[in-house]
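In what follows, chains are A, B, ... by sequence order, proteins preceding strands, each numbered from 1.
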There are 2 protein chains.
Amino acid sequence: MCQSSEVTTRTRRSQRRTEALSRERIVEAAVELLDAAGEGGLTFRALTERLATGPGAIYWHVANKDELLGAATDAVVAAALAVGPTGPPDPPQDGVRAVALGLFDATDEHPWLAAQLSTRLSRGPWASVTPRIFESVGRRVRALGVPEGDWFTATSALVHYILGAVGQNAANTANARTLGPDTNRAGFLDSASRAWEELDPDDYPFVRAVAKQLRDHDDREQLLAGVDFVLTGITARHLPGGQAHTPPAT
Amino acid sequence: MCQSSEVTTRTRRSQRRTEALSRERIVEAAVELLDAAGEGGLTFRALTERLATGPGAIYWHVANKDELLGAATDAVVAAALAVGPTGPPDPPQDGVRAVALGLFDATDEHPWLAAQLSTRLSRGPWASVTPRIFESVGRRVRALGVPEGDWFTATSALVHYILGAVGQNAANTANARTLGPDTNRAGFLDSASRAWEELDPDDYPFVRAVAKQLRDHDDREQLLAGVDFVLTGITARHLPGGQAHTPPAT
DNA sequence: GACCTCTCTGGAATGTCGTTCCAATGTTGG
DNA sequence: CCAACATTGGAACGACATTCCAGAGAGGTC
């Protein structure tokens, strides 16, 4: 394969691209690739092909793949939280529920988001995407009447729960898709439930006992139930009345 | 590099290994590599070197890297939950707190665990490591007196919170280590707090307001506070008395 | 218009990784 | 002693992220 010297005249590109490359366009293409082919679908090869360019051009706008993934995550989360930016004057509890559902829907639409969120949070929790979510939830906590000294603790509890639940729940739908086009969420939960029922009765009595509830549960209901647990806990501690529980509008 | 044919006589290994290779030994070595060099430290090359063998031998015992990572995660989590296997007869609340702290300490000892837990959960939440944690928490929920129909919802809420909080909190300590040997956890939180304070005052008023609390907070206290929020929420809903809150032993 | 300079481009090359392939080895049982 | 067999480990492969660099276009200067 040792070609002679004349090859150094590289086949120059047809001409300069009509539409300039930009970080925005790259992130946009990255999100599309991730949506289409999942986590492993984002490669620089696929990216160069889709943008009709070379790796060097992309690296001019983006430091590396990790930063690109972070930017994609950030863009999607920002869009998800943008539904009620500054927080409408509805009851704070409803606001927190809206944030949770917004993230839930985002992970549903972008199946790769759940894994990305978890990975990013466990690698540098206080950067990038966290402040956005923290701010969104924290404002409602403040509006609840929680004393200032407990803002951080209460908000952290809510954010941790929401991210944990969203990551795990939305994966149900996402995983069902990867199992095949014919397998729907119900089928996925069905097989998961069966797997639980087949565990060792001595080691896993409880898990076996709730296997049926796993099959029948509704992700959104469960997400909201958990949010309400935390909200109740927060208000019960700080507001002796503890009238925290406004049931979610169904 | 085109060598002649005599090279086909490969330099055969000295002799058969004295101690047989086994899946156990491989997983053990994998955990050690992960502990020593972090997430990126586990490569088949490093593994073959450490075990003084070749890739083929490892692949005979393990399907692929993903399965190996899963096995490593499973082993570490199993060890973390093995402190009180069947659940001692202490108050259920304390039991849940013990599970949370056990996972917290495990991620502290194995910094890679947080990311692995999140990734695995969001990719196939109902397999591998989840039943173990679910069982552990679920037994205490049952012991709390929660009606059977709500076991799954209540346990899910607790597990989601614990995993979310553990993943994010333990990362504080882990990230402090990667920042350099001289940077400790306090230094890490300090710079994170400063980053929060430098956010746009218009977009992030709440985050800026709690930046100081971020700097001063204690991970374990906060973890337990969140667990208590959820526990309070659970018991308040189901047990009208709502005497759920046994303050953690400090 | 000819020149320089600076930003931006994209094709080739590099090194590492997970994984596969297979000749060779010790072991087991006939 | 020999033929299956489970197991080993070295070499090779293809994909990937990343780096390098020759060059194209745009804007300025004379």
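- Checking D:dT18, C:dG18, D:dG9 against the side-chain heavy atoms of B:Tyr59 singles out C:dG18 as nearest.
- Atom CD of B:Glu24 sits in a sparse spot, with 12 or fewer heavy atoms from other residues, nucleotides or ligands closer than 6.0 Å.
- Centroid-to-centroid, the aromatic rings of B:Phe152 and A:Phe206 stay 6.0 Å apart or farther.
- When the C1' atom of D:dT8 is taken as reference, atom CD1 of B:Ile26 falls 11 Å away, rounded to whole Å.
- The separation between B:Glu49 atom CD and C:dC17 atom C1' is 15 Å, rounded to whole Å.
- Regarding A:Ile58, its CD1 atom lies at a distance of 11 Å from the P atom of C:dG11, rounded to whole Å.
- If you find the closest nucleotide of DNA chain D to B:Arg45 and to B:Ser22, the one lying nearer the 5' end belongs to B:Ser22.
- Nearest to the side-chain atoms of B:Pro55 among the listed nucleotides C:dT9, D:dA11, D:dT18 stands D:dA11.
- Panel note: side chain B:Arg208, backbone B:Leu199; a donor-acceptor pair is recorded below 3.5 Å.
- Here the two rings, on B:Phe134 and A:Tyr204, have centers that are 6.0 Å apart or farther.
- Following rounding to the nearest Å, A:Leu33 (CG) and D:dC16 (C1') show an atom-to-atom distance of 15 Å.
- B:Leu68 comes within 4.0 angstrom of no nucleic acid atom, judged by non-hydrogen atoms across all strands.
- Summarising the geometry, the separation between CZ on B:Phe44 and P on D:dT8 is reported as 14 Å, rounded to the nearest angstrom.
- Distance A:Arg23 CZ to C:dT7 C1': 18 Å, rounded to the nearest Å.
- Of the side-chain N and O atoms in B:Trp60, one or more sit less than 4.0 angstrom from OP1 or OP2 of D:dT7.
- Counting any heavy atom pair closer than 4.0 Å across all strands shown, B:Leu42 reaches sugar-phosphate atoms only and no base atom.
- Shortest non-hydrogen contact noted between B:Leu47 and B:Ala30 is CD1-N, 4.0 Å.
- Taking atom CD of residue B:Glu67 and atom P of nucleotide C:dG18, one finds them 15 Å apart after rounding to whole Å.
- Note: NZ (B:Lys65) to C1' (D:dC16) measures 13 Å, nearest angstrom.
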